[in-house]
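The structure under discussion appears below in the form of structure tokens.
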Amino acid sequence: MPEGHTIHRAARNQNKWFKGKVLEMRSPQGRFADGAARLSGQKLTKVEANGKHLFYRYMDSGDVLHVHLGLFGKFKIRKPPFPEPSPNARFIAWTDEAQLHLAGPTACELLTPEGMDAIKARLGPDPLVAGVNGAEQIHQKLARRKSPIGRALLDQSVIAGLGNVYRAELLFLVGLHPFTPANEVPLEKISELWDLSVTELKIGEKSGRIVTVDPAEMGKPSRAKLTRYERLYCYKRAGKPCRRCGDTIVSAEVDSRKIWWCPTHQPLTA
DNA sequence: GTGTCATGCGTAT
DNA sequence: TACGCCTGACACG
């Protein structure tokens with residue numbers, strides 16, 4: 001389930017197990033055989049997350065492993081005794097203590113540091129990178145865009161790390177209709193959106209799932225007590241009542257991705 | 001068991 | 001705008 005929170009969580013977890021360690025590596029599926037052969041036996045300096053991208057730094061050689069999970073990619077961390085890797089594993093990498101198992105990524109490639117910088121350069125601010133305030137930057141990028149804010153939020157060069165779930169939920173939380181022209185969203189609203197992104201993605205990174213609903217509104221004591229059907233306000237809730245006002249959640253397609261909103265909380269003419 | 005859809009994105013048209 | 005890539009979950013029968 002890869003939006004930015006998943007990627008940062010993966011980096012944190014993988015650093016815990018593999019940072020500073022010499023990793024053996026191979027590609028059961030074969031599509032990363034050359035890369036695995038090159039990296040195998042190298043010491044992994046650290047894992048960095050930026051938006052939905054992961055960069056594995058090998059400072060001794062300068063090699064960078066770039067992974068993007070896309071829609072289907074998944075990591076597993078396994079403890080010994082290691083089970084047989086699935087034949088479709090793009091790579092497995094391991095020490096004596098743990099094994100990292102990757103399947104189904106959109107990107108798994110070797111880069112130079114320059115190649116990594118080029119990818120980072122085209123990403124907008126990432127709410128999960130500490131110490132960044134992206135509001136001004138985002139506002140400037142949107143200044144000349146008449147296209148809908150609902151499209152802009154999935155553009156990784158505007159803001160890095162949001163996916164379709166956070167898009168719908170954040171727009172609900174700030175009360176913006178997804179079809180609002182991006183350049184008509186005032187800086188204060190962008191600021192609100194940015195701050196909420198930080199808050200919500202942090203919650204997602206900690207818990208490992210996207211939970212935007214305030215548990216008190218559902219009469220629950222904590223986020224952890226919410227059922228899978230109670231965690232979101234809008235995403236995939238077409239035809240259901242808004243949790244706050246009871247109006248019917250509606251949906252539409254933007255660039256062949258679905259989006260959901262509450263007509264009352266997110267009027268087009270705000 | 002089969003079919004559809006999905007938290008993504010690059011490339012071709 | 002459409003398609004291809006890649007996998008797993010779930011609805012349906």
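A note on names: the letters A, B, ... follow the listed sequences, proteins ahead of strands, and every chain is numbered from 1. Note that these values count all heavy atoms, side chains included, but never hydrogens, waters or copies made by symmetry.
Taking atom P on both nucleotides, C:dG4 is separated from B:dT4 by 16 Å, rounded to a whole Å. Taking atom C1' on both nucleotides, C:dT1 is separated from B:dT7 by 22 Å, rounded to a whole Å. Nucleotides B:dT13 and C:dC5 have their P atoms positioned 14 Å apart, rounded to a whole Å.
Judged purely by atom type and a 3.5 angstrom limit, A:Lys220 uses its side chain to pair as donor or acceptor with the backbone of A:Lys225.
Close to B:dG8, at under 4.0 Å from its OP1 or OP2, lies no side-chain N or O of A:His68. Contact annotation: A:Lys52 side-chain N/O to B:dC9 OP1/OP2 distance is under 4.0 Å. Taking only side-chain nitrogens and oxygens, A:Arg257 never comes nearer than 4.0 Å to OP1 or OP2 of B:dC5. The shortest distance between the side-chain N/O atoms of A:Arg228 and the OP1/OP2 oxygens of C:dC10 is below 4.0 Å.
Each of B:dG10, B:dT7, C:dT7 was ranked by its minimum atom distance to the side chain of A:Asn88; first place goes to C:dT7. If you check C:dT7, C:dG8, B:dG8 against the side chain of A:Thr106, the one that comes closest is B:dG8.
With A:Phe55 as the aromatic partner, A:Lys120 meets the cation-pi criteria of under 6.0 angstrom to the ring centre and within 45 degrees of the ring axis.
Whole-Å rounding puts the A:Leu71 CG to C:dC3 P distance at 17 Å. Rounded to whole Å, atom C1' of B:dA6 lies 12 Å from atom CD1 of A:Ile210. Counting to the nearest Å, the C1' atom of B:dT7 and the CD atom of A:Glu3 are 4 Å from each other. In this structure, CD of A:Glu253 is placed 14 Å from P of B:dG8, rounded to the nearest angstrom. As rounded to whole Å, 10 Å separates atom P of B:dC9 from atom CZ of A:Arg122. Nucleotide B:dG8 holds its C1' atom 10 Å from the CD1 atom of A:Ile7, rounded to whole Å. Rounded to whole angstrom, the span from the CD atom of A:Gln29 across to the P atom of C:dT7 amounts to 6 Å. Following rounding to the nearest Å, A:Arg209 (CZ) and B:dA6 (C1') show an atom-to-atom distance of 18 Å.
Annotation: A:Asp247, atom CG; neighbour count of heavy atoms from other residues, nucleotides and ligands within 6.0 Å is above 12. Within 6.0 Å of CZ in A:Arg57 there are more than 12 heavy atoms belonging to other residues, nucleotides or ligands.
To the nearest 0.5 angstrom, A:Ser197 atom OG is 9.5 Å from A:Tyr166 atom OH. To the nearest 0.5 angstrom, A:Phe18 atom CZ is 8.5 Å from A:Asn13 atom CG.
Considering every non-hydrogen atom in both A:Lys43 and A:Tyr58, the closest pair reads O-CD2, 3.3 Å.
Of the two residues near DNA chain C, A:Asp255 and A:Phe72, the one whose nearest nucleotide lies more 5' is A:Asp255.
Considering only heavy atoms from C-beta on, A:Trp17 comes within 4.5 Å of A:Lys79 through its side chain.
Residues from residues 231-239 of chain A with heavy atoms under 4.0 angstrom of DNA chain B, sorted by number: A:Tyr235, A:Lys236. For DNA chain B, the neighbouring residues in residues 148-174 of chain A, judged by any heavy atom under 4.0 Å, are A:Gln156, A:Gly163, A:Asn164, A:Val165.
Side-chain atoms of A:Gln42 and A:Tyr56 include no donor-acceptor pair closer than 3.5 Å. A donor-acceptor contact under 3.5 angstrom links the side chains of A:His101 and A:Ser86, judged on distance only.
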